[in-house]
Amino acid sequence: MNETVIQFDRHQHNTDEKCQERILNSKRNLKDSLIILGHHYQNESVYRHADYTGDSLKLAQYTQALDAKYIIFLGVHFMAEVSNILSRSDQVTILPDLSAGCQMADMADLQKVERSYRELNKVLNFDQTITPITYINSAADLKAFCGDHDGIVCTSTNAPKILEWAFKSKEKVLFFPDQNLGRWTGFKMGINLDEMVVWDPDLPLGGLTKEQITKAKILLWKGHCAVHQMFRLDHIKKFRSDHPDGIVISHPESPFEVCSNSDFVGSTEFILNTIKNSDSGTKWLVGTELNLVNRLANEMIKEDKMVKFMSHVICECSTMARIDPQHLAWVLENLENNNIVNEIIVPEAIAKSAKIALDRMMQVV
Ligand code: 13P
Ligand code: SF4
């Protein structure tokens with residue numbers, strides 16, 4: 001490592017324009033040693049620099065396939081952890097701002113998951129009947145827990161296949177941290193709503209009776225995404241009355257009544273592809289994060305498609321937004337000086353178990 005690490009305060013006050021120039025310059029100098037991956041929720045000011053873009057699954061698959069020494073992740077912390085776990089040991093994953101977390105991921109932690117799993121097994125007389133499934137939006141130690149307990153990881157794209165996989169071997173699932181994705185996926189598989197109960201990790205026995213636990217097929221962790229929680233059935237009703245020929249598409253992190261009243265439900269990549277491949281002149285109401293919707297709306301104008309954001313309040317993912325041109329320029333200029341800043345390294349023991357759960361997922365999809 002070079003001694004002269006450039007400190008962030010040297011970049012913090014640079015204008016976006018100045019940073020754009022610097023980013024392009026550094027990318028030119030770093031050539032093939034660098035790959036920038038960008039999630040669809042990233043702001044245009046950094047998204048435009050991504051070499052590859054995708055939803056969580058596609059980005060995870062890229063990290064297994066790319067050759068570059070440095071992977072800069074324009075996304076949030078759990079995505080960069082997955083990149084570190086799945087990439088080769090000589091590759092380096094960098095998250096330009098370490099405070100870019102995911103509020104939903106923070107709703108489950110290892111201590112609570114371990115205690116919940118223990119309590120559930122006790123009620124079920126240690127029959128080993130529960131598969132733990134963690135949404136990829138979770139810390140690496142929860143993925144490791146799943147790896148160590150015959151569990152698995154899922155994403156918004158593959159959740160149906162992953163649930164099917166789980167029910168082949170055990171009769172129940174503990175699904176964390178997003179209750180909405182778990183409920184919607186279970187419902188689409190034909191599981192009754194009363195067989196999917198919310199497990200509140202802060203209450204004794206999750207706030208449930210022993211009978212409820214015994215009867216349940218899916219125990220849904222009491223977690224959600226605050227961004228998608230803003231979408232409401234009323235938004236859909238208003239859109240349908242204004243545009244009777246309009247089409248509604250939502251992300252499965254949205255509340256159940258939003259998903260069940262949408263024409264399509266799927267991952268960020270699915271939302272983008274569905275609208276891009278639709279007929280000219282179509283009108284869309286989209287229930288997912290604002291940066292993605294704004295970018296798509298601007299692109300689709302030229303094809304005479306109307307793309308409308310579902311909520312009337314601004315639902316931006318504030319943690320995704322922490323990755324800005326200033327931070328990107330800063331990590332790149334340090335790389336040019338042979339300084340690695342903001343590297344994401346998952347401790348080896350955790351990474352090893354987490355990889356088991358991630359590999360299981362990659363084999364199912
Ligand atoms: P996708 O995997 O669909 O991109 O979702 C990630 C996410 O965090 C949505 O809020
Ligand atoms: Fe997490 Fe929600 Fe942001 Fe997605 S939109 S990264 S789930 S806080």
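Just so you know, ligand 1 is whichever comes first in the structure, and atom 1 is the first atom listed for that ligand. Numbers for residues simply follow the sequence, beginning at 1.
Of all the heavy atoms of F270, none lies under 4.0 Å from any atom of ligand 1, so neither backbone nor side chain is involved. Contact annotation: for D178 versus ligand 2, there are no heavy atoms closer than 4.0 Å. When heavy-atom distances to ligand 2 are checked against a 4.0 Å cut-off, E253 comes that close only through its side chain, counted from C-beta outward. At a heavy-atom distance under 4.0 Å, no atom of H40 approaches ligand 1.
For E289, the heavy-atom gap to ligand 1 stays at 4.0 angstrom or more.
Between atom 1 (Fe) of ligand 2 and C225 there is no N/O/S contact shorter than 2.8 Å.
Given atom 10 (O) of ligand 1, the protein heavy atom at minimum distance is E253 OE1, 2.8 Å. Taking atom 1 (Fe) of ligand 2 as the reference point, the nearest protein heavy-atom neighbour is C102 SG, 2.4 Å. The nearest protein atom to atom 2 (O) of ligand 1, hydrogens excluded, is given as S56 OG, 2.8 Å; this is a heavy-atom distance. C317 SG, 2.4 Å is the protein heavy atom nearest to atom 3 (Fe) of ligand 2. Scanning all protein heavy atoms for the shortest distance to atom 8 (O) of ligand 1 gives N137 ND2, 3.0 Å. The protein heavy-atom contact nearest to atom 8 (S) of ligand 2 is Q103 N, 3.8 Å. Of the protein's heavy atoms, H251 NE2, 3.3 Å lies nearest to atom 5 (O) of ligand 1.
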Using side-chain hydrogen bond (donor to acceptor under 3.5 Å, both in side chains), reason through T157 and D55 one step at a time and then give a plain yes or no.
CA-CA 8 Å; T157 301; D55 59 15; 3.0 Å; yes

Before giving the answer on side chain to side chain contact (heavy atoms under 4.5 Å, CB included), spell out for H327 and V46 the whole-Å C-alpha distance, their side-chain angles and the decisive distance to 0.1 Å. CA-CA 10 Å; H327 283 88; V46 291; over 6 Å; no

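Residue S267 has no nitrogen or oxygen atom sitting less than 3.5 Å from a nitrogen or oxygen atom of ligand 1, judged on distance alone. Between D55 and ligand 1, no pair of N/O atoms sits closer than 3.5 Å.
Using bins of under 30°, 30° to 60° and over 60° for the plane-to-plane angle, the ring pair F309/F231 lands in the perpendicular bin.
For K308, the NZ atom sits in a loose shell: 12 or fewer heavy atoms of surrounding residues, nucleotides or ligands are nearer than 6.0 Å. By the 6.0 Å contact criterion, CD on E44 is enclosed, its count of non-hydrogen atoms from other residues, nucleotides or ligands being greater than 12. Residue K188 places its NZ atom among 12 or fewer non-hydrogen atoms of other residues, nucleotides or ligands, all under 6.0 Å distant.
Residues F73 and F78 keep their aromatic ring centres 6.0 Å or farther apart. For F175 and Y135, the ring centers are positioned 6.0 Å apart or more. For F145 and H149, the distance between ring centers is under 6.0 angstrom.
Using a 4.0 Å cut-off between charged side-chain N and carboxylate O, D263 and R240 make a salt bridge.
Listed by number with element, the atoms of ligand 1 under 4.0 Å from a non-hydrogen atom of H228 are 10 (O). For ligand 1 and S156, the ligand atoms under 4.0 Å from any heavy atom of the residue are 1 (P), 2 (O), 3 (O). For ligand 1, the atoms closer than 4.0 angstrom to any heavy atom of Y41 are 7 (C), 9 (C), 10 (O).
Note: the hydrophobic cluster containing V153 does not contain F176 (ILVMFWY, side chain heavy atoms under 4.5 Å, direct or indirect links).
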